[in-house]
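Only one structure is covered here, and it is reproduced in the block below.
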Protein chains: 2
Amino acid sequence: MSNKRTKTRHLLLDTVLSLLLAPEGSLLRMIDVAKAAGVTRQTVYDHFTNRSEMLTAAILHFGDQLDVDARLAPSRAAPDGRSRLTAYTQAMLEFFPAIYPLKQSLMRMGPGDEEAKSAWEDRIRAMKEGCAAAVSALKADGDLLDHLTEARATDLYFTLLNMDGWAHCVLENGWPEVEYLAEMQRVTHLALVKP
Amino acid sequence: MSNKRTKTRHLLLDTVLSLLLAPEGSLLRMIDVAKAAGVTRQTVYDHFTNRSEMLTAAILHFGDQLDVDARLAPSRAAPDGRSRLTAYTQAMLEFFPAIYPLKQSLMRMGPGDEEAKSAWEDRIRAMKEGCAAAVSALKADGDLLDHLTEARATDLYFTLLNMDGWAHCVLENGWPEVEYLAEMQRVTHLALVKP
DNA sequence: TTTTTAATTGACATGATGTAAGGTTTTGCG
DNA sequence: CGCAAAACCTTACATCATGTCAATTAAAAA
């Protein structure tokens, strides 16, 4: 388990993430990763066949560190649809500060990193399943607005909870996070739930 | 005006856009642009000092073709805040189909194209000014929700009108555009306007 | 027609990715 | 411990895209 190989692999993965999340925002050349990890460029290639695979692995590694299940527990434990919606919205917004920098870095990555971006999309899709579950609970309670199907409501909810909107308000325009959360709670409820 | 120089420049710009908007999605190497325009790679460099400047110019060129003022006229002509909000929302959503593919292409561009991305952000900022104007009109009518400042309301409106949300619903999940528009009208009004 | 502008040709420097082969250190197992 | 295998290092090379230069040819414009 605590192989040398897996140890170096983890070191490399951590290094990639730290470079990706660094405030300056690195170009993440292979040589940068190698140097920052105190290793040769070729060693990096010994662990990952190419840049894209390295990024992909880093994203997975990041996801593992995120403790998603624990942070989603309150949402799953919610007694009814309304409170489940509330809890899930809050959980999502609490993910954003950690996740957003990585998203930004990935978006800056060039073409030829499509694989990595796919891995990212997968993570995002997982978030949408949470949206679907919340909407489903709402529907089960008969609290979902009549004109919305579950699918439509899920899409809409997911749309409202977008990270770029969060970044725009909180990071670029200085909204206090609690205020953004409050607005999102208000808007999502208005958008989905019967009055 | 119809110089040879400006003519080739336009040809190049059009070529860049057509490649950028092509369904397959090109990597847009300089040589691709040159070939597609029936011109030498060096000629491209004679018109644009580097890739980033070329992209930037292409974005501006794209904006010029978009006839923004005309499409925003209904919004400006609206008699009151509520109808202005409605008109602006509609105008924005009608921009998205044309704009989104370009955005996608730009996001795929590698690092070293920061300049081009800035040009893009500028265009987006201009859209936000429209949001601000609509919110302002609403406020003037006394129809803006009391707990929202103009700035907050503008941020929120802009957040709700996000292109990725549109793409998610309309492009990826097959919402009819009119249906998405209807939902956005509903949600933005609920989010901003006094009942 | 002449002059000037635009485009071409071909060569070169740079910098990143990825491959390859052979040598050295470290690990871990008998 | 001792030794084989795994991990890592060193060096070198192939490739490919960007960007630069200089000389030449083609074609507009005066």
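Hydrogens, waters and symmetry mates play no part in the numbers below; they use all other heavy atoms, side chains included. Just so it is clear, the structure is predicted and the values come from calculations on it, not from any experiment. Here is the naming used below: chain letters follow the sequence lines, and residue numbers restart at 1 for every chain.
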| task | For B:Arg152, check salt bridge (charged side-chain N to carboxylate O under 4.0 Å, His left out) against everything at least two apart and list the hits. | result | A:Glu179

| said: Within the supplied structure, the quantity of interest is the number of heavy atoms (other residues, nucleotides, ligands) at a distance under 6.0 Å from B:Lys35 NZ; does it exceed 12? | reply: no

| said: Taking any atom closer than 4.0 angstrom to a non-hydrogen atom of chain B, what span of DNA chain D does the protein reach, first nucleotide to last? | reply: D:dA17 to D:dA28

| field | Estimated bend of the helix from C:dT1-D:dA30 to C:dG30-D:dC1 (axis per five terminal pairs, rounded to 10 degrees) | value | 20°

| field | Salt-bridge criterion met for A:Asp122 and A:Arg125 (N-O under 4.0 Å) | value | yes

| Can you pull the contact range of chain B along DNA chain C, 5' to 3', using atoms under 4.0 angstrom from its heavy atoms? | C:dA6 to C:dA11

| Considering all heavy atoms, the nearest A:Ala37-A:Thr15 contact | CB-OG1, 3.6 Å

| message | Please find the pair of heavy atoms, one from A:Glu150 and one from A:Val135, that lie closest to each other, and give the distance. | response | O-CG1, 3.7 Å

| request: Residues of residues 10-23 of chain A with any non-hydrogen atom less than 4.0 angstrom from an atom of DNA chain C: list those, numerically ordered, please. | output: none

| query | Should the pair A:Arg82-A:Asp141 be classified as a salt bridge under the 4.0 Å nitrogen-to-oxygen rule? | reply | no

| field | First of A:Leu28 and B:Lys4 reached from the 5' end of DNA chain C, by closest nucleotide | value | B:Lys4

| message | Can you list, in residue-number order, the parts of residues 33-46 of chain A that come under 4.0 Å of DNA chain C, counting heavy atoms only? | response | A:Arg41, A:Gln42, A:Tyr45

| Are the side chain of B:Asp113 and the backbone of B:Ala116 linked by a donor-acceptor contact shorter than 3.5 Å? | no

| Under 3.5 Å side-chain donor-acceptor pair for B:His189 and B:Thr89 | no

| B:His147 side chain to A:Glu183 side chain, donor-acceptor N/O pair below 3.5 angstrom | yes

| field | Carboxylate-amine/guanidinium contact B:Asp46 B:Arg5, below 4.0 Å | value | yes

